[in-house]
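A quick write-up on the structure given underneath.
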There are 2 protein chains.
Amino acid sequence: MNYARFIRTVAVSRSDFCQEMLAANRQAIKIKKEAVAVGNLERIFEATLAVSNQKGFAAMTMRDLSKASGLSMGALYDYLGGKEELLEMIQATGRRLTGRILKQSVASQQDPAEQLAAAIHAHIFLSEAMQPWFFFSYMEARHLGDKEKRLAKESEQKTERLFATIIRRGRRQGVFREVDPNLAAAVIKAMVQDWYLKRWKYAKRRVSVDRYAAFVVDTALRCCRGGAVEERA
Amino acid sequence: MNYARFIRTVAVSRSDFCQEMLAANRQAIKIKKEAVAVGNLERIFEATLAVSNQKGFAAMTMRDLSKASGLSMGALYDYLGGKEELLEMIQATGRRLTGRILKQSVASQQDPAEQLAAAIHAHIFLSEAMQPWFFFSYMEARHLGDKEKRLAKESEQKTERLFATIIRRGRRQGVFREVDPNLAAAVIKAMVQDWYLKRWKYAKRRVSVDRYAAFVVDTALRCCRGGAVEERA
DNA sequence: GTCTATATACGGATAGAC
DNA sequence: GTCTATCCGTATATAGAC
């Protein structure tokens, strides 16, 4: 799997995101016309991530958001109940969208090594397609209410458990060595997350997402099975 | 090297930190008596990290800080020029302190594999000893002014260059395989950073800092040299 | 050296015109 | 549907008593 192929199989554009967001919050958003609502939600969404990812959500004022989105203060409040609700709306929508896509991406392989590679690829490629949201979600999780915070944690743990489950199966089948599945899963997740946390660094060094993903898969397999693993892409 | 031994060789207590902080800001801090100043700086320092690491620095109000530190609003301003300056004071002090200690910790080994292990150990152990500061520094770097932000970035890059340099030397000596030194350094740093970014997770799973460091060293060496590396602790 | 009380400004949210 | 003008709470920072 490479990024170009992956991106053709999923619907994760800004427009997809905002359609999902509108549908889930139909009653709270005062604007009737579907097209107008989605269009302006896109501007709000993009502005929120742009400003927040630079200075932090807490430091972003509604006036900042008004200026960056091109909508007036009054208009903003026809689209969102308040700053808090904006945060939760974006987080919840992203969680649903990414959860659904990861589910459909991982099911195909049989061999544990292939499964592990597929899971790593899916996570890195998805975080590439939705990098601003992933970064936002990681950095702003602290500002959520208790319930939302719990959901965000669970969603993260699911990723890690997926890696650990694959590794455990590989061990049982004798394909992997006697590695600690939880620790291995933890460091693999750390490597996967680095792609969206330090994206500027990789962009500056001209590391493509395909090359990064291949490197992480290689390192993960070297961690999980003994001996050389030169045959992997 | 293990954590217990490491911690005996370095001076990184809260008191050490605040002495350093006072010395570097002697003119800006209005309190004359050394002992009083350091004592209250400790309370301010601890309160700042505690509140910020829970809700974020931007969301922490000076009233929060006043309550958490036990000092009145008025007294706070005898110790710091303002919220912004407090942030920069803490960041700059931490940067100096960690920079100095890392420098003194890495110089000893000769063999590239041993050097890499030493560098990983030093970074993980230091981040364990000063976890709240490392977490704070990572999460709040965005809120710094341009000059401070640049210094923080440089300090991070230095770590990564250190790893890459060791790996390059190992390649030249034929101890390591033809691995990309920059990518390898990047994922090693990601694993190292995970220790202070997800510390609660590891605490809950009862993973000790020694076990985590050993696992990262093992994975890093599996990444850098071909074949099995079972002989390492 | 530390406190209380307060000046001043800024941010979130809304009312009502267009 | 969107805008401008404004209310009101809260935040930073300081003045001056003790």
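Lettering follows sequence order; numbering is per chain, from 1.
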Query raised in the report: Atom CE of B/M62 to atom P of D/dT14: distance rounded to whole Å?
Result: 10 Å
Report summary line: Rounded to whole Å, CG of A/D78 lies from P of D/dT4 at a distance of 14 Å
**Report entry** Spacing of A/M60 atom CE relative to C/dG12 atom C1', expressed in whole Å
**Finding:** 12 Å
Query raised in the report: Could you give the NE2-to-C1' distance, from B/H143 to D/dT12, as a whole number of Å?
Result: 17 Å
Requested in this report: Take the protein atom CD of A/E84 and the nucleotide atom P of C/dG12, then report the distance between them rounded to whole Å.
Outcome: 12 Å
Query raised in the report: Does the side chain of B/Y79 get closer than 4.0 angstrom to OP1 or OP2 of C/dG1 through an N or O atom?
Result: no
Report summary line: The nucleotide from D/dT2, C/dG1, D/dA13 with an atom nearest the side chain of A/S72 is D/dT2
Query raised in the report: Per the side-chain contact (heavy atoms from CB on, under 4.5 Å) rule, which among B/M21, B/R14, B/Q19 passes with B/F17?
Result: B/M21
Query raised in the report: Which nucleotide, C/dG1, C/dG12, D/dA11, lies nearest any side-chain atom of A/R63?
Result: C/dG12
**Report entry** Presence of salt bridge, A/E154 and A/R95, under 4.0 angstrom
**Finding:** no
Query raised in the report: Which part of the nucleic acid does B/T61 contact within heavy-atom distance under 4.0 Å: base, sugar-phosphate only, or nothing?
Result: sugar-phosphate
Report summary line: The residue, A/G81 or B/V36, whose nearest nucleotide of DNA chain C is more 5′ is B/V36
Report task. Can you establish whether the number of heavy atoms outside B/R26 located under 6.0 Å from its atom CZ is more than 12? Result -> yes
**Report entry** Option from B/Y196, B/F6, B/F163, B/F134 for which ring-ring contact (aromatic ring centres under 6.0 Å, His included) with B/H123 holds
**Finding:** B/F163
Query raised in the report: Pick one: which of A/Y3, A/Y138, A/Y212, A/W200 meets ring-ring contact (aromatic ring centres under 6.0 Å, His included) with A/W195?
Result: A/Y212
Query raised in the report: Can you check the A/L76 CG to D/dT4 P distance for me, whole Å?
Result: 12 Å
Report summary line: Rounded to whole Å, the CG-P distance (B/L65 to D/dT12) equals 9 Å
Report summary line: From NZ of A/K83 across to P of D/dG9 the rounded distance in Å is 19 Å
Requested in this report: Please check the phosphate of D/dA13 (OP1 and OP2 only) for any side-chain N or O of B/Y77 closer than 4.0 Å.
Outcome: yes
Report summary line: Among the nucleotides C/dT2, D/dC3, C/dG12, whichever has the atom closest to the side chain of A/M73 is C/dG12
